[in-house]
K.L.:
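Pasting in a structure now, in structure tokens, and then I'll have a few things to ask.
All heavy atoms count here, side chains included; hydrogens, waters and symmetry mates do not. Residue numbering restarts at 1 for every chain, and letters A, B, ... go by the order of the sequence lines. Note that this is a predicted model, so its numbers are computed, not measured.
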Amino acid sequence: MINLTIDGKALQVKKGKTILEAALANGIHIPHLCYHPAIKAIGSCRICVVEVKPGPPRPQPACTTTVAEGMEVITQSERLQDLRRELVKFILVNHPLDCPWCDKAGECLLQDLTHELGIDVVDYEAVKVPPHIDYESRLIERYATRCVTCGRCVRVCRDRVGASAINFESRGYFTELGCGHVPLECEFCGTCIDICPVGALINKLFKYTARSWELTKTKTVCPYCGGGCNYEVHTKNGHIHRVRSQGSLLLCGRGRFGFGVLEAPERLHQPLIKKDGQLVAATWDEALDYAARGLKEVIDNAGPDALYGIGSPRATNEASFLFQKLIRAGLGHNNLDSPARYNFARALAGIAAVFGEAQVSGVALGSVKKGVYQSPWEVQEEAKGSGFPFVLGNAHHLSHADVILIVGADVTPEMPTYGWRIMDALKNENFRLVVANPRKTKFDRYANLNLRYQPGSERLLLIGLMEAVLEAQPGYSPHLEAEGFEDFKKTLLKTSLSKVAKQAGVKDADLRQAGKLLAQAQAPAIIFGHDLMAQEQGQDNVIAVADLFLLIGQPCNKGSALYPIAEKNNTRGVCDVGVMPNYLPGYQSLAEGGGAFAKLWGKPVSDKPGVTLEEMLDQLENNEPEAPRALYLLGGDLVRLLPNRQRTERLLQKVRFMVVQDAFLTDTARLADVVLPVAIHAELDGTYTSTDGRLGCLQAALSPNGTRPDWQIITELSQRLGYPMKYGSAPAIFAEMVQLMPIWAGIKEGHRWPHKKISVSLNGKFVPFSTEISIPGEGKYTLIVGKTLAHSGSYTTHAHGPQTIMPGAELKINPADAQALKVNEGEPVKISSTQGEITVPIAVTVEIPRGVVFLADHFSDTPANLLTSNSNLCRVQLQKG
Amino acid sequence: MIYPLIKGLATTLRHCVSKPITLQYPEEKRQVYPRFRGHPELQVDEDGRLKCVACTLCMTVCPSRAITKITPAEGPNHEKYPAEFVIDLTRCIFCGFCQEACPKAAIALNNKYELAQYDKRVLIYDLEKLRAKS
Ligand code: SF4
Ligand code: SF4
Ligand code: SF4
Ligand code: SF4
Ligand code: SF4
Ligand code: FES
């Protein structure tokens, strides 16, 4: 700690802080312009000048001068104010009087400074700078005329976002922000808009719609990916106009520009019921009665087991909890699952296989009543935990890892928050990044090593990596207590490194180097995502990753953990709160169903595991007697998102009665007998759990406009089904839920589980996995179906912002392949697989190796899953379309 | 005793022959000074275009919330203009704050002061009624 005085006030400040940081943290205002807490200070505007004693006789910039023992700082004096006034006048010489129509007015730092410094006239003259205004770029307008060249946008884009898309052009007085006099082509995250202190960067979706002071701000959570960014929605007269993240300002483009989903014209506002094969509008009572009647008929005829429940990774924790309660306590079975089965649930199962089931002890129900959205369970001194949840990493610690291996994930599109953490990690000079992906992804440019393996050969690559680690340090043994290592070495690691390298399509030397990096790492982290989990052998892939982590992981060091990517906003939460056939809420085994659950719910929960979503579809396929007769879907567009669209569609049609809750008439909802329109994020109260287990609290900012929250619909249906569940609000449901989930001990808004005070004892066993690699189908090309940065699931295809960035599907293809097919950029190709064919325009890019093509699965008019069979990979034929 | 009576009568008689100080309203209208604060109206430029840029400062400053709606829109040359502008004259207190706040001299109070109507709705002025005629 350093002692200093600022304006006579004695302060104690951490070493290394700057004067400006110290002052702001202690409520002392120093005018500033180019400084922003989210980025590194560069001291370019000099408006933050202060007098420092002892020090040079001239004023010093507060934002770049670090505090020193005994320092005396003066922030206000006639001389300083004069200097600041002149500096701001220099900026104003050229600043247009656009305030009346500039969207920044009211929250503009230049306005504030002018006001604060009492500048009424600018007594300087200068040549006019040409008014370069970029109206062409998508989503962002750039007014070079208004720019004060503070460089905030350039720094945030380069250092935090990692896009380096904009920079200054020209020099001196003529310096101008630009990107080469062409429209902007970047990630369209919009962070630069919000970090700009003036109105030089304008959000086109917000432009001219409201003035800053007219907006009502409501804190809530982004509904798109598992990053769980907290943000504010800004509304006026019941309409949403923009969203903003406080603090770091970082959001991705979906979060910032995707709010149009709320007011999309395709939104359903009225329930629909099937009459004579057509879905027609109905009142809520009619629809709920109809739904209950249909479900009841099936239950009466075929037993409660005949109703299968499918949760949605978009639904809140509360809705998901009630949903599983309805199935478990109301119907008395465990036949429920969610689409997470096809990705994140595989990660959980794979990690559980290696590191064991979740266990926690030493937590107790507290006596003090806690606030809303807070667990009543308290973590005690002796609290202990083990099993898979303790291997899952904390996103905030990711930047402390010294080696990050990304395998089978395109990080930024799948989880922008992890991307930002990697950018932070890169500031550490000892940090090393290894990126393994068949495609070239954003982080290739920052990686110390790229491993471009053959699609589908992840397990071989991982074997290669394990062998390389052992080779790099002979006698290397796991840091954690591990069983079965010797056997594992003998069976799985027996093929020679060069052979696996060859099979996986990577160079021996690269593998060896990666092995060296991983073996030397003190805090290695592994990020893996959709590409790896969504394959048919996704679970084996995860087991291989978990085995590698068992070998190299050192979870006692901050940041060393596994970071699976949960695709949707609440994928993790849905699994956490028990929308799984084999776990009660909090990953408790079904055998626990007699204890606290029985007490609270009035009857024990069946201990017979239910069938998974995959198994349920197989039952339908084989017309098994146990196959469900009725489905209750909490959302989750199975037809569009599961592999093999035709099969899913055909199987769902076999079901006698289907109730779907969704915000849109999705491809799945079209097959339903009843569609119940639901309220979505800014219309809801409740909680989401981010991919790293952090609790985010939603607050309703808009009226639901005819729709209802999922949880309300579930309670209404439960009453009609003869199992009344009565709750007044989302917090009431949360209270019951957390009471049943000791593992969530200590959780509250913004905090993650497992709680940091739980001491972790991890051990694992090396689990063998199949090394069979097969990509279904026939054809010359391997198709990878994946995610893009512009969209999240199918929701954002209803929003204007993301649609501006990516209006439709495009097949990414290597230039040489495109040339061989004689197809030019933007021209259509016919993609055919054993399952079906679609025609999509191509986007030529060197990101994709030869023989591989990539297609995103967001769009309903070009459904990628029409081509796939049981995996996100398949072989296809291409033909000029 | 008689003296005050005569004095009173004299006053009456004097006023009978002098010029009346009341106006025969509504047949006769009062002439007001140019700076009289009457109804707010939206100013136009030489080409007859509204000067208003829909900055909403007038709406923000209006103490009686008489300016009830300004809907901004973007014109073909990226200019901002009001697609809708509504002032509820029944609420206006003719303070002139709006005129003072306006950065574009786009709103000003004219000399009109009549407000009597059978139907109050007539006094809710939209863009067309607010546009200064000249
Ligand atoms: S929108 Fe994001 S990526 Fe694009 S220039 Fe701004 S900060 Fe950079
Ligand atoms: S555009 Fe804004 S943030 Fe960027 S340099 Fe100019 S004033 Fe600063
Ligand atoms: S989509 Fe993800 S990264 Fe983007 S703003 Fe939302 S939560 Fe954050
Ligand atoms: S004159 Fe006063 S009360 Fe009337 S509209 Fe203007 S600001 Fe409002
Ligand atoms: S203050 Fe002037 S420019 Fe702004 S909205 Fe009112 S009339 Fe229009
Ligand atoms: S804020 Fe310190 S120099 Fe700009």
K.L.:
Stepwise, does the side chain to side chain contact (heavy atoms under 4.5 Å, CB included) test hold for B/L57 with A/W213?
P.N.:
CA-CA 10 Å; B/L57 286 181; A/W213 57 88; 3.9 Å; yes
K.L.:
Check whether more than 12 heavy atoms from other residues, nucleotides or ligands sit under 6.0 Å from atom NZ of B/K69, and answer yes or no.
P.N.:
no
K.L.:
Is the count of non-hydrogen atoms from other residues, nucleotides or ligands lying under 6.0 Å from A/H132 atom NE2 greater than 12?
P.N.:
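It does: A/H132 NE2 has more than 12 such atoms within range.
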K.L.:
Do you know which two heavy atoms are closest between B/P103 and A/P100, and how far apart they sit?
P.N.:
CG-CG, 3.7 Å
K.L.:
Kindly say whether B/C55 contributes a backbone atom to a donor-acceptor pair with the side chain of A/R211 at under 3.5 angstrom?
P.N.:
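Side chain of A/R211 to backbone of B/C55, a donor-acceptor pair under 3.5 Å: yes, one is there.
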K.L.:
Does a sphere of radius 6.0 Å around CD in A/E125 hold more than 12 heavy atoms from other residues, nucleotides or ligands, not counting ones at 6.0 Å or beyond?
P.N.:
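No - once you tally the heavy atoms of other residues, nucleotides and ligands closer than 6.0 Å, there are 12 at most.
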K.L.:
Mark yes when over 12 heavy atoms from residues, nucleotides or ligands other than B/Y3 sit less than 6.0 Å from its OH; otherwise mark no.
P.N.:
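No, because the 6.0 Å sphere around OH of B/Y3 holds 12 heavy atoms or fewer from other groups.
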K.L.:
Among A/Y143, A/Y135, A/W101, whose ring-ring contact (aromatic ring centres under 6.0 Å, His included) with B/H78 holds?
P.N.:
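Output: one option passes, namely A/Y135.
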K.L.:
Do you know the tightest heavy-atom contact between A/Y208 and B/P72?
P.N.:
O-CG, 2.9 Å
K.L.:
Within a 6.0 Å radius of atom NZ on B/K129, are there more than 12 heavy atoms belonging to other residues, nucleotides or ligands?
P.N.:
yes
K.L.:
CG/A/D103 to NZ/B/K80 distance, rounded to the nearest 0.5 angstrom?
P.N.:
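The distance works out to 6.0 Å.
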